[in-house]
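Contents: one structure, followed by commentary.
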Amino acid sequence: MHPAPFAYKAAHSVEEALELLRSHEDAKILAGGQSLIPALKLRLTQPAMLIDISKISSLRGIRRENGKLIIGSGTTHREIEKSSLVAEASPLLASLAPQIGDVQVRHRGTFGGSLAHADPAGDWPAAALAVDAELVIAGAHGTRTVHASDFFTGMLSTVINADELLTEIRVPGEGTPGIYLKHRNAASGYATVGVAVTATHNHGRIGTVSIAVTGATPVAFRASAAEHALTGHAVSAHLLDEAASHAADGLECLSDIHAPAAYRAQLVKVMVRRALGKLLHA
Amino acid sequence: MAVATPTRAFGASIRRREDPRLITGRGKFTDDIHLANAATAMFVRSPHGHARIVSIDTSAASAHPGVLGVYTFENVKGFISGMPCAWPTTNTGDTLKLATYPPLADGKVRYFGEAVALVVAVDPNTAADAVDLVHVDYDPLPAVINNEAAVAPGAPLIHDSAPGNQAFRWSLVGGDTNGALAHADVRISQTLVNQRLIATPLETRCAVADYNPASGEVTVWVTSQNPHIHRLLIALSTGIPEHKIRVIAGDVGGGFGAKIPYYAGEALCIFASKELGVPVRWSESRSENYVATAHGRDHIQHIEVGATKEGKITALKVTAYASLGAYPSTAAPGVPTWLFGCIIQGPYDIPNNEVHVIGVYTNTTPTDAYRGAGRPEATYMLERVIDLVAAKVGRDPVEVRRLNFVKKDQFPFKVANGTLTYDSGDYELALDQALHTVDYTHLRAWQEEQRAAGKLVGIGFSSYVEICGLGPSSAANAMGFAGGLYDSATIRVHPTGKVTVFTGVHSHGQGHETSFAQIVARDLGLKVDDVDVIHGDTDKVQHGMGTYGSRSAAVGGGALHMAGMKIRAKAQKIAAHLLEVAEEDIEWVDDAFRVKGSPDKAKTIPDCAFAAYMAGNLPAGVTPVLEEQHWYDPENFVFPFGTHICVVEVDRETGETHIKRYVAIDDCGEIINPMLRDGQVHGGIAQGIAQALWEEAVYDENGQLLSGSLMDYAIPKASVMPHLELGHTVTPSPHNPLGVKGIGEAGTIASTPAVVNAVMDALSPLGIHHIDMPLRPAKVWAAIDAASH
């Protein structure tokens, strides 16, 4: 439980962090450390340097701008959980945050860290996909903005380059009803399957609906076929049953000692149905 | 001996006196021992389940700055060549194949995580770096994990000294089981797997050894449940004279059986301290604890049952394949044999029964006692059997239990295999109280309504009796245990009447500092706060056997009470002398010696103590000072019992089990402290529910431990525990001086089958009769899914 030797540097600005990234090979970003520190202690990862971004105040905070919720990448899960702004602007995020880890973890772990780590059992990737978040990535030549649908590229991998830093996440802030359901691994508390759903309905008819799933597959995904099956249709139990029953079609699910692939596929269907039911009251 | 009437000390829910220390960080655990110049030990561990060691290159590690020494088996074997087994038992005439358990791998590794080399360095970081620099060249061998596969023809051979990987065959036979099976109205065959578990104490194992080359003395701080046994085994295995060894097990953060054994890590700290001339410390990481500390359970049981058409069990035959893991740990052979087989008929009058146990070696971490040790394996088997019989004959499982119970007028009751005589019991009383608590009639009606509404709800029972208060030394010796099972107490009444108690048992969560003070306070008429309890230091405490098998209150408490009575006897002579009356003219009433008929004329224990230390005015023949000691060797085990009821709902779509109610009625005889009793039951039930639903040590076919951390091994969380409704009946042990029976393991023993039986009851409308533990949602859903296709 003792990491291999590494150098440590705390950055105090995004520019300083980027400069450190550029000038040091084999450096890793340390934000809340909830995934990195255990990996270091097990010597699963042995970077030459850690660049601590937790002291960069500009990365932290939640604000609303032009109807969007802007969340700094260094904002902790707990800050999101406790934010009245988030509760009002994004019920899905508010529903998810308290389901992460435990209170201690939520005080340390960060929104951006979770997204950048892209753990297949992480919770935030599902929400980011469901709300179609925009992720702002800073690099040597300024910033670029990537949609969540283009952000995750594989298990534990994203489009962030080695010399870039995720700085903020922008999500729609108009208060669309949303919910996150999570089936916890009994040991780790991570999502065996997590389902993030947002939906609007008007006079018994479904408006927009988005369904994103984490935990089931190497990368979180949008259940597009189920979304299409629902959009614009009149709400009925039968419709939701039918849409949910196809939510796992064609999936190649992960398998482990806790949950074989077939069970994960079952959870996807059941949890999509239950999330839709809660949001659409059917 | 008559049981004294409880007063305010004994039987009161006094808060744990150790807690202010422990919860404010003022405890002193082994890892809190910091000695000047102490070096850190770490181990290079095997990444293979089974492999030949081609070579070990320690040169880079040895040359690493700050490294003090790197050692392999060749270096340490002159100090210690093998870890001793203290319970080398067999009873069938077969020779016990007790494989040598080397402190470091000797030419071959036989389980994932086996220690291959020892690194000692100036600090933990340096030691960890050096561990990575030891290069071991392995030639991997096929591994065997499954207990039955291990003894099948052609299985990979783990020890040359144990052909066919069989350590022993062990049997007990009572009555004519084959004959009764042949004539039974109904017969059931069932295979049950009692999965491998990892104890997971909050504190991992640690050791600090300080060898003094000038005096030849060594002090060893160690996470032990039984410091005197550790001292003895250190002496026997290393040749260091016993009187030169001081073992200190101060605050210990949970044991659950896994801190009974004597391990190589502890021995090698002594080796290294002697070798290097500095204190050497070692602390397991959690990952290391999961491979290097003994696992528990791991049985495959084949069961044959015969019963009448009313459900009276006439025959029970069990063949169990029990894994010792790769090597025989300290008490390992005794756990799946005597602690399992003797109690094979549980609380039931089953006149014909047989149990055969095949102890096997597999490429896994060695096993040893784990909370309940043998008795959970028996109870789970039997309680599943009762429910299977009830289903087969179409009767309520409650009635089948009642029909088979040993009745209260049958005590003392000798079991069919003749090994045990149950001291006292009233099994129907506990069952009836549990039924009353849940309002059974209404509960079944509710279940019918729920089922009609499509819900999978179930009611599960577990009735148990356990062997506790280990035990009489004569029985222990007869069972092949290389030690006595008496225990000891010294009561030192100081001149002011304050008391220090030295107990030979050990507290690592049990709360003896509170409950034992309550025993002494009652016996000597003192306040609980006037009594301090010392344990866990072989230089302070007289020889004792430590804590396991729910023995502390029964045996340690028994010794304490007997020593207290010696104090009283001596003090009575002094009191009579001081009161100037004949000894027979005073009596012990209201916490003092009082002159009969003139109760105001009285002397308390402090009065007598002061006189005993002043010593100038003592009656003839009475020696100065008030201090007594007693070794208590019980005449029998004690046999706590009870009934637990669990109500569950199973989510049909996800396979998740939700516990709706949990009722536990336990009878541990007299209760010293109800709050501590409840705490023991709470913790025990948590661990037992966890075995039923979540916990499992999983190996892959190469012997890799897949559940090697808390990320994959699911211990119970407070957030998933149900509300527990506890109750009790009191049937005192007739032979124990305090009338107590023990409660530390009851919850673990009883709860596992209660939960599984409830889930199986919930699933019974689907035609599902058995699923092996743990009842993970995925497994339950798969069974539901298969049943509905």
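This one's a predicted model, so the numbers in the text were calculated from it and none came from an experiment. Just so we're on the same page: letters track the sequence lines, and every chain starts at 1. All values below come from the heavy atoms of this structure, side chains included, with hydrogens, waters and symmetry mates left out.
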Between T365(B) and R196(B), is a side chain to side chain contact (heavy atoms under 4.5 Å, CB included) present by the stated rule, with each step listed? CA-CA 10 Å; T365(B) 290; R196(B) 178 175 277 255; 4.2 Å; yes
What part of [X] lies closer than 4.5 angstrom to a heavy atom of chain A: side chain, backbone, both or neither?
| X | result |
| --- | --- |
| D132(B) | side chain |
| K717(B) | side chain |
| T654(B) | both |
| P774(B) | neither |
| D651(B) | side chain |

Which value, rounded to the nearest 0.5 Å, describes the distance between T362(B) atom OG1 and N146(B) atom CG? 9.0 Å
Output for pair (I198(B) CD1, S709(B) OG), nearest 0.5 Å, gives 9.5 Å
Check the pair V119(B) / T126(B) against side chain to side chain contact (heavy atoms under 4.5 Å, CB included), numbers first and verdict last. CA-CA 10 Å; V119(B) 172; T126(B) 307; over 6 Å; no
Less than 4.0 angstrom from a charged side-chain N to a carboxylate O is my criterion; do R205(B) and E288(B) meet it? no
Any ion pair linking D31(B) and R281(B) (charged N to carboxylate O, less than 4.0 Å)? yes
I'd like to know whether V457(B) forms a side chain to side chain contact (heavy atoms under 4.5 Å, CB included) with V648(B), so could you lay out the CA-CA distance, the side-chain angles of the two residues, the decisive distance to 0.1 Å, and finally the verdict. CA-CA 6 Å; V457(B) 294; V648(B) 301; over 6 Å; no
If you compare all heavy atoms of I659(B) against all heavy atoms of C646(B), which two are closest, and at what distance to 0.1 Å? CG2-SG, 3.9 Å
Chain B contacts: which residues in [range] have a non-hydrogen atom closer than 4.5 Å to it?
| range | answer |
| --- | --- |
| residues 98-126 of chain A | none |
| residues 26-45 of chain A | L42(A), R43(A) |
| residues 250-274 of chain A | I257(A), H258(A), A259(A), P260(A), A262(A), Y263(A), Q266(A), L267(A), V270(A), R274(A) |

Other residues, nucleotides and ligands only: do more than 12 of their heavy atoms fall within 6.0 Å of NE2 on H34(B)? yes
Above 12 or not: heavy atoms from other molecules or residues under 6.0 Å from NZ of K779(B)? yes
Atom pairs and distances, donor-acceptor, side-chain atoms in residues 215-222 of chain A, under 3.5 Å, two or more places apart:
residue	atom	partner	partner atom	Å
T217(A)	OG1	V219(A)	O	2.7
R222(A)	NE	E227(A)	OE2	2.6
R222(A)	NH1	L129(A)	O	2.7
R222(A)	NH2	E227(A)	OE1	3.4

Which of D785(B), L693(B), V131(B), N125(B) touches chain A most, by non-hydrogen pairs under 4.5 Å: N125(B)
Worked verdict on Y713(B) versus W694(B) for ring pair (Phe, Tyr, Trp, His ring centres under 6.0 Å): CA-CA 8 Å; Y713(B) 187 85; W694(B) 305 302; over 10 Å; no
For side chain to side chain contact (heavy atoms under 4.5 Å, CB included), just list the numbers for L118(B) and V44(B), CA-CA rounded to whole Å, side-chain angles, deciding distance to a tenth of an Å, and then say yes or no. CA-CA 6 Å; L118(B) 165 69; V44(B) 177; over 6 Å; no
Check: I689(B) and T752(B) side chains under 4.5 Å, non-hydrogen atoms: no
Test: R297(B) cationic atom under 6.0 Å from Y370(B) six-membered ring centre, within 45° of axis: no
Mind checking whether Y699(B) and H295(B) have parallel, tilted or perpendicular rings, split at 30° and 60°? tilted
